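These notes are about the structure you will find just below.
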2 protein chains.
Amino acid sequence: MQSIKVSVDAVVFGYDPEEGVSVLLITRKYEPFQKFWALPGGLVKDEESLEAAVKRELKEEAGIDVTYLEQLYTFGKPERDPRNRVVSVAYYGLVRPKDYHISAQTDADDVAWFNIKKLPRLAFDHKNIVEIAIKRLRGKIAYEPIGFELLDKKFPFSDLEKLYQVLLDRDVDRRNFKKKIMSYGFLEELPESIQRSAGRPAKLFQFNKKKYFELQERGYNFDLFI
Amino acid sequence: MQSIKVSVDAVVFGYDPEEGVSVLLITRKYEPFQKFWALPGGLVKDEESLEAAVKRELKEEAGIDVTYLEQLYTFGKPERDPRNRVVSVAYYGLVRPKDYHISAQTDADDVAWFNIKKLPRLAFDHKNIVEIAIKRLRGKIAYEPIGFELLDKKFPFSDLEKLYQVLLDRDVDRRNFKKKIMSYGFLEELPESIQRSAGRPAKLFQFNKKKYFELQERGYNFDLFI
DNA sequence: CCAAAAGTGTTGTTGTTACACCCATGC
DNA sequence: GCATGGGTGTAACAACAACACTTTTGG
């Protein structure tokens with residue numbers, strides 16, 4: 001008779017042009033790894049789908065609703081949970097941190113965003129899971145447009161540029177990058193401008209949802225190798 | 001108390017220049033879906049890793065040892081098994097069918113290769129799983145060298161060409177394809193030739209394992225968009 | 001008038017595609 | 001000598017990378 005438990009874990013990425021890319025973490029209320037930072041997640045209920053389980057846990061533990069979630073990988077080494085065998089299906093999601101007020105709920109003591117370059121020690125094999133999610137996110141932006149989920153509705157072009165620079169961890173030529181992005185036609189220039197600090201005010205842009213999702217569907221045909 | 005079972009399923013692809021790409025299937029010995037064709041797989045044991053479980057099931061049901069396996073996706077809809085809740089972690093693998101003698105073992109009545117264009121009705125949601133695996137395989141060959149696992153040790157260049165044509169499901173320009181593949185340097189030309197039917201004898205090639213795996217490691221840097 | 005950030009084109013280089021004829025063999 | 005499959009190069013075109021100065025604003 002099998003006695004393996006099934007859980008889900010979520011790696012939710014947020015992006016802020018000032019802060020860079022961060023991950024949502026909670027502190028564990030109970031043993032094992034009590035008070036350690038960990039990914040939101042928990043056991044799947046008998047009647048709910050895996051995706052429903054992730055969404056429920058995110059709501060229960062961090063108080064947020066994440067709409068964009070994708071399955072990442074399933075972690076199933078027998079020794080990954082010290083108590084008993086737990087197979088965990090990990091998901092990753094993208095959100096704009098500003099859109100949410102995160103707050104510790106019943107199942108967690110604390111909730112916070114951590115920059116992916118300054119992660120604390122994590123419970124279980126969660127460090128490994130986060131690393132794999134970052135790798136996936138980096139890979140993904142090379143062949144699919146990402147940004148819709150991570151940027152404000154209206155944003156200056158430099159925000160998108162910074163997002164790619166942070167995720168790819170290297171410089172990107174401003175002129176070539178803009179040329180390429182604009183050639184796909186999923187970005188619209190607005191008549192408005194903003195100025196967020198010194199310097200010339202920046203025109204605002206927004207995604208053309210229809211074209212954006214059309215391109216996202218096509219997947220690997222989209223060739224955004226920067 | 002959670003009562004979800006964890007299983008694994010394997011989509012093993014084989015390739016033969018004459019036959020094209022095929023998938024390994026078994027017939028189920030027991031209910032539900034008794035006598036239906038299905039993917040090899042079964043429940044994970046409490047102490048074994050997911051990958052060990054797939055390998056064990058492939059041995060038990062089809063009598064083969066598959067070395068190259070990758071996790072595909074985890075299927076967890078509550079209704080996918082009519083008896084009880086089963087979350088299944090699917091893997092896919094690549095082999096040279098000729099290297100193996102497949103044979104029905106204790107847990108299966110029959111084992112056979114099926115061309116991916118002529119699949120029978122499958123048990124559970126296995127049709128869906130196979131479709132997703134084919135999509136993944138197609139995507140993968142666009143950015144990683146594949147062939148080592150699917151072709152003979154020594155093969156004429158046209159075998160590789162046919163493999164790509166079958167997987168991509170379209171014509172590939174022979175001259176351009178050869179130019180591109182050879183430019184990566186993971187293929188070595190041998191002094192030998194073979195002649196398999198009418199026509200001029202073909203020079204044999206083999207993979208330079210070292211360079212091949214170096215390129216495979218790099219993953220998406222490898223740009224084999226044909 | 002200086003500092004800060006935004007905006008904008010051209011050119012050389014590289015990679016991609018399209019395309020057709022000759023070669024070696026068996027029958 | 002003909003049918004079969006193998007082998008090979010070039011030229012036009014498209015995509016990519018490198019590169020620096022001007023504009024608009026606030027202080």
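Note that the coordinates shown come from a computational prediction; the quantities given were computed from them, not determined experimentally. All values below were derived from every heavy atom in this structure, side-chain atoms included, with hydrogens, water molecules and symmetry-related copies excluded. Naming: A, B, ... by sequence-line order, numbering from 1 per chain.
Residues F155(B) and F207(B) place their aromatic rings such that the two centres sit under 6.0 Å apart.
Sorted by first and then second residue, the salt bridge (charged side-chain N to carboxylate O under 4.0 Å, His left out) pairs with a member in residues 187-201 of chain B read K154(B)-E192(B), D159(B)-R196(B), E189(B)-K203(B); sequence neighbours excluded. Applying the salt bridge (charged side-chain N to carboxylate O under 4.0 Å, His left out) test to every pair with at least one member in residues 16-26 of chain B, sequence neighbours left out, gives no pairs at all.
Ion pairing between a basic and an acidic side chain is recognised when a charged N comes within 4.0 Å of a carboxylate O; K180(A) and D173(A) show no such pairing. One finds a salt bridge joining K59(A) and D65(A) here, because a Lys/Arg side-chain nitrogen approaches an Asp/Glu carboxylate oxygen to under 4.0 Å.
Considering only side-chain N and O atoms, K178(B) lies under 4.0 angstrom from the phosphate OP1 or OP2 of dT8(D). Taking side-chain N and O atoms only, K203(B) has no distance below 4.0 Å to OP1 or OP2 of dG7(D). Distances shown here put every side-chain N or O of K180(B) at or beyond 4.0 Å from the OP1 or OP2 atom of dG15(C).
Residue contacts shown for R174(A) include a base, since a base heavy atom lies under 4.0 Å away.
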Distance-only donor-acceptor pairs under 3.5 Å for side chains of residues 121-129 of chain A, two or more places apart:
residue	atom	partner	partner atom	Å
D125(A)	OD1	R80(A)	NE	3.4
D125(A)	OD1	R80(A)	NH2	3.0
D125(A)	OD2	R80(A)	NE	2.8
H126(A)	ND1	L39(A)	N	3.0
K127(A)	NZ	E131(A)	OE2	3.3

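Between its two ends, the helix from dC1(C)-dG27(D) to dC27(C)-dG1(D) turns its axis by 10°, counting five pairs per end and rounding to 10 degrees.
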When you compare the protein's N or O atoms with those of nucleotides 24-27 of chain D, which come within less than 3.5 Å of each other, and at what distance?
residue	atom	partner	partner atom	Å
dT24(D)	O2	R200(A)	N	3.3

Any protein N or O atoms within reach of nucleotides 9-12 of chain D? Criterion: under 3.5 Å, listing atom names and distances.
residue	atom	partner	partner atom	Å
dG9(D)	O6	R175(B)	NE	3.4
dT10(D)	O4	K179(B)	NZ	2.8

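Not counting sequence neighbours, the partners of K179(B) by the side-chain hydrogen bond (donor to acceptor under 3.5 Å, both in side chains) test are N176(B). By the ring pair (Phe, Tyr, Trp, His ring centres under 6.0 Å) test, W37(B) is found to be paired with F114(B), residues two or more places apart in sequence or in another chain being considered. Residues forming a ring pair (Phe, Tyr, Trp, His ring centres under 6.0 Å) with F36(A) (at least two apart in sequence, or on another chain): F33(A). The ring pair (Phe, Tyr, Trp, His ring centres under 6.0 Å) search around F75(B) returns Y73(B), not counting sequence neighbours. For the ring pair (Phe, Tyr, Trp, His ring centres under 6.0 Å) test, residues two or more places apart in sequence or in another chain that qualify with F205(A) are F157(A).
Distance CD1 (I181(A)) to P (dC16(D)): 12 Å, rounded to an integer number of Å. Note: CG (D171(A)) to C1' (dC19(D)) measures 14 Å, nearest angstrom.
Taking the side chain as every heavy atom from C-beta outward, Y91(A) and V11(A) never approach each other to under 4.5 Å. A 4.5 Å side-chain heavy-atom check between K140(A) and Y92(A) finds at least one atom pair inside the cut-off.
Scanning residues 152-162 of chain A for heavy-atom distances under 4.0 Å to DNA chain D yields an empty list.
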